[in-house]
Amino acid sequence: MRKVLPVLAILPLMAAGCISTATSIVKAPFQVAGKAVDWTTTSQEESDRNYGRKMRKQEAEEGKQRKELAKRCKKDPRRGECGQYQGYRAGE
């Protein structure tokens with residue numbers, strides 16, 4: 001009886017490690033699936049950042065074209081393309 005009592009006192013400590021390991025094993029497939037979904041989908045923040053980058057690029061290109069047109073019109077104002085500036089329309 002004296003030998004069995006210390007073993008019973010240690011048993012819950014040993015079982016806690018086993019439960020922790022079992023929990024990790026059960027959770028692993030769900031964590032892997034969650035990571036895969038994160039990698040394959042685009043978050044709203046990512047989408048907004050990409051859209052902003054695209055718009056800045058378009059605006060820079062439009063600015064270059066507008067300067068080029070202004071330079072050509074200054075050289076020859078009678079050209080047909082030298083009208084009033086219509087403004088920038090994003091996405092066109």
Hits for side-chain contact (heavy atoms from CB on, under 4.5 Å) against Q31, two or more places apart or cross-chain, chain-then-number order -> K27
Please evaluate residues E46 and N50 with respect to the criterion side-chain hydrogen bond (donor to acceptor under 3.5 Å, both in side chains), reporting the C-alpha separation (whole Å), side-chain torsions for both, the decisive distance (0.1 Å), and the verdict.
CA-CA 6 Å; E46 252 181 321; N50 292 340; 5.6 Å; no
CG (L69) and CD (E62) are apart, to the nearest 0.5 Å, by 10.0 Å
Residues passing the side-chain contact (heavy atoms from CB on, under 4.5 Å) test with E68, sequence neighbours excluded, are R72
Across all chains, not counting sequence neighbours, the side-chain hydrogen bond (donor to acceptor under 3.5 Å, both in side chains) partners of R56 are none
Distance col, row E59:CD vs K54:NZ, nearest 0.5 angstrom, shows 12.0 Å
